[in-house]
Amino acid sequence: MTRNKGAMTVAEAGRRGGATTAQRHGPEFYEQIGKKGGRTTAQRHGSDFYEQIGKQGGQKVKELYGPRFYGRIGKIGGDAVSEKYGHEHFEEIGKKGGQKVAELIARGKQAG
């Protein structure tokens, strides 16, 4: 986009407006309007809508970056979590997951 006699581009105006809004209202404002928008979308389109658009987005990403992309970004994310919280974090969440599975199995046996 080019400038015309000192006028700013639409993108620049958007960035400036977003920065001003963030400064005035803080991150909580975006959280609130995001939740409100999400509820409205769910009411209009149903909860299956999110599953549908998620699948479409995932397929598009797979087409653009290849099927190995998710493995690479998963490793990057895992490494970042490990660096931030340490190896013990994974042990802790693994134990919690195992406990939850054991509870579900026990509940299933009681019901069956």
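If you're wondering where the values come from, they're calculated on a predicted model, not measured in any experiment. Computed from heavy atoms alone, side chains included, the values below leave out hydrogens, waters and symmetry copies.
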Is the count of non-hydrogen atoms from other residues, nucleotides or ligands lying under 6.0 Å from [X] atom [atom1] greater than 12?
| X | atom1 | result |
| --- | --- | --- |
| E83 | CD | no |
| Y50 | OH | yes |
| Y65 | OH | no |

Exercise for the section: Starting from the C-alpha separation in whole Å, work towards a yes-or-no answer on salt bridge (Lys or Arg N to Asp or Glu O under 4.0 Å) for E51 and K55. Expected result: CA-CA 6 Å; E51 182 180 344; K55 284 180 181 178; 3.3 Å; yes
Exercise for the section: Measure up the H45 and F49 rings against each other and bin them: parallel (under 30°), tilted (30 to 60°), perpendicular (over 60°). Expected result: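 Parallel: the ring planes of H45 and F49 meet at under 30°.
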Handout entry: V61 reachable from L64 in the ILVMFWY side-chain graph, under 4.5 Å edges
Key =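 Yes, same cluster.
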Problem - Within residues 67-82 or reaching into it, pairs that qualify as side chain to side chain donor-acceptor pair (under 3.5 Å) - sequence neighbours excluded - result: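 Side chain to side chain donor-acceptor pair (under 3.5 Å) check on residues 67-82 returns K75-D79.
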Handout entry: Where at least one partner belongs to residues 15-32, residue pairs that pass side chain to side chain donor-acceptor pair (under 3.5 Å), sequence neighbours excluded
Key =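 Applying side chain to side chain donor-acceptor pair (under 3.5 Å) to every pair that reaches into residues 15-32, excluding sequence neighbours, yields E31-K35.
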Handout entry: Nearest-0.5 Å distance, NZ of residue K100 to CG of residue L104
Key =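 So the gap between those two atoms works out to 5.5 Å.
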Practice task
Any chance you could measure E92, atom CD, to K95, atom NZ, to the nearest 0.5 Å?
Solution key: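 Separation between the atoms: 8.5 Å.
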Handout entry: Beyond-backbone contact of R39 with K36, side-chain heavy atoms, under 4.5 angstrom
Key =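 With C-beta onward as the side chain, the pair touches.
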Exercise for the section: Could you check if a side-chain atom of E103 sits within less than 4.5 angstrom of a side-chain atom of R107, using non-hydrogen atoms only? Expected result: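 Answer yes - side chains close enough.
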